[in-house]
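Notes follow the structure.
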Amino acid sequence: GDDVTIAAGIPKLKQETSINSSIGFAWKPARNLTITVDGYIVKVKDRIVLSGLFNVNDTTLPIAFTSRLKALGVSTAQFFDNAVNTTNLGLDIVTDYTKKWGNRSFKALLAGNLQHMTVDEVHVPAALDDSYGHRKTFFSDREEAFLLASAPKAKFNLSLEYTIGKLGLGTHFTYFGNVKSKGFGWTGFKSLAGTNGPGDPAISGSFAGIDPYVDEDKYLDNTGTGDQVHILPEIFNYSAKVTTDVFISYKFSKKVSLFLGVDNLFNVHPDFAAVPTARRESFDNESGGPWESVQMGFNGRRLFTKLAFNF
């Protein structure tokens, strides 16, 4: 690494490694029905994560580190590091049913995933492992929640399609399970000021995603300032949602088909990235949005047409 990363104790990046194990079975209880179930465990070691911002004016950081930043004219620095080990336990379920009679057919496919990820270890470099604030700047509560939300606990998809001759009708239902993430943090408890730990306004309110809290709207004064007493953990709760897609198709030949349809027919959106009773803080009101680890799209209803060629 360069002088800055060496001074911060950040080693050279290396490949992530993983150990994967799985077991499953397939069952055909009827002629047209197949069910498969697969369980798995994935242990990832040395997962690469991005740290928070370390400030050149932080006098509690190693002098060798901050002096290098000053020499470069840099005010803040953050790092990629192989710092986190995780374990993911999951279950994939697929049920497939197909029925044909005459020039008609019906197909149903149910596919789902259940999983749970845990953060097993966080390896903080010794030079940055001297205080709660530095440890959490290296890998914040928000970043941990963001990582965990990237593996939603539940997702299911049901596809139904009916064809008669060259005409086809179909629909897709997608269930997005509950996901939680955390905000950046705007405030802390007045009673914990100066403790340099969880809830200290200087840490929880530093907009760094460390033990983040937010002011309740009804206790803000005329200038929008809270009392640092009536505050809530800044946890964004994205409730489970179901989207519905529909389409119609026409098969001109074995190689050419036309599709017309609507994705997200009922214009379902993710919940707002905000604590319901504390929505005055800026940047906390996008629906899912580019800043959050939310699988479900936030663009709403979409009409489409598609001409498909098969070769």
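The structure displayed is predicted, hence computed values, not measured ones.
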Is there a side-chain contact between [X] and [Y], using heavy atoms and a 4.5 Å cut-off?
X    : Y    : result
V119 : V84  : yes
L53  : F207 : no
I235 : V275 : no
F176 : P152 : no
R47  : L147 : yes
E234 : K182 : no
I203 : D211 : no
F184 : P212 : no

task = Evaluate side chain to side chain contact (heavy atoms under 4.5 Å, CB included) for V268 paired with M296, printing each intermediate quantity in order.
result = CA-CA 10 Å; V268 178; M296 182 182 175; 3.5 Å; yes
Mind listing the closest non-hydrogen atom pair of [X] and [Y] along with its distance?
X    : Y    : value
G199 : S204 : N-OG, 3.0 Å
T36  : A26  : CG2-CB, 3.7 Å
D271 : Y238 : O-CE2, 3.2 Å
G226 : D215 : CA-OD1, 3.6 Å
D200 : G194 : OD2-N, 3.2 Å
V262 : R301 : CG1-CG, 3.7 Å

Between [X] and [Y], does any side-chain donor sit less than 3.5 Å from a side-chain acceptor?
X    : Y    : result
T34  : D96  : no
K43  : T87  : yes
N157 : K155 : no
S239 : N237 : no

For atom [atom1] of [X], decide whether the heavy atoms of other residues, nucleotides or ligands shown that lie under 6.0 angstrom number more than 12.
X    : atom1 : result
K190 : NZ    : no
K241 : NZ    : yes
L307 : CG    : yes
K153 : NZ    : no

task = With sequence neighbours excluded, tell me which residues meet side-chain contact (heavy atoms from CB on, under 4.5 Å) with D129.
result =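 D129 satisfies side-chain contact (heavy atoms from CB on, under 4.5 Å) with V124, R135 only.
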task = Return the set of residues passing side-chain contact (heavy atoms from CB on, under 4.5 Å) with L69 (not counting sequence neighbours), or none when no residue passes.
result =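 Result, side-chain contact (heavy atoms from CB on, under 4.5 Å) vs L69: V4, V56, F65, V74, A77.
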Short side-chain to backbone donor-acceptor contact, [X] and [Y], under 3.5 Å:
X    : Y    : result
T98  : F106 : no
E16  : N82  : no
N113 : D92  : no
D38  : L91  : no
S67  : I63  : yes

query = Between F311 and F309, what is the ring plane arrangement, given parallel below 30°, perpendicular above 60°, and tilted in between?
reply = parallel
What distance do [X] atom [atom1] and [Y] atom [atom2] have between them, rounded to the nearest 0.5 Å?
X    : Y    : atom1 : atom2 : answer
K251 : L258 : NZ    : CG    : 13.5 Å
L158 : T171 : CG    : OG1   : 8.0 Å
N20  : Y40  : CG    : OH    : 10.5 Å
L61  : L128 : CG    : CG    : 6.5 Å
T244 : N267 : OG1   : CG    : 11.5 Å
S131 : D58  : OG    : CG    : 7.5 Å

Hydrophobic cluster membership, with links at side-chain heavy-atom distances under 4.5 Å among I/L/V/M/F/W/Y: are [X] and [Y] in one?
X    : Y    : answer
L265 : V242 : no
I210 : V49  : no
W101 : I164 : yes
Y219 : V229 : no
F304 : V246 : no

query = Between Y162 and R104, is there a cation-pi geometry (under 6.0 Å to ring centre, at most 45° from the normal)?
reply =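 Not satisfied by the 6.0 Å and 45° rule.
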Derivation of the side chain to side chain contact (heavy atoms under 4.5 Å, CB included) call for L33 and W27 = CA-CA 8 Å; L33 178 63; W27 181 38; over 6 Å; no
task = Could you tell me whether Y175 and F173 have their ring centroids closer than 6.0 angstrom?
result = no
message = Strictly by salt bridge (charged side-chain N to carboxylate O under 4.0 Å, His left out), give each pair with a member in residues 61-74 just once, sequence neighbours left out.
response = D3-R68
query = If you look only at pairs with a residue in residues 260-270, which of them pass as a salt bridge (charged side-chain N to carboxylate O under 4.0 Å, His left out), with sequence neighbours excluded?
reply = D263-R302
request  = Please lay out, stage by stage, how K136 and D141 fare under the test side chain to side chain contact (heavy atoms under 4.5 Å, CB included).
outcome  = CA-CA 7 Å; K136 285 298 185 177; D141 296 293; 3.0 Å; yes
query = Could you walk me through whether D81 and F139 pass the side chain to side chain contact (heavy atoms under 4.5 Å, CB included) check?
reply = CA-CA 10 Å; D81 190 16; F139 188 60; over 6 Å; no
request  = Report the hydrophobic cluster partners of I48, with the cluster defined as I, L, V, M, F, W, Y residues connected by side-chain heavy atoms closer than 4.5 angstrom, directly or transitively.
outcome  = L13, L50, F80
ask   = When clusters are formed from ILVMFWY side-chain contacts under 4.5 Å, directly or step by step, what else is grouped with I231?
value =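 In the cluster with I231 are F189, L192, Y213.
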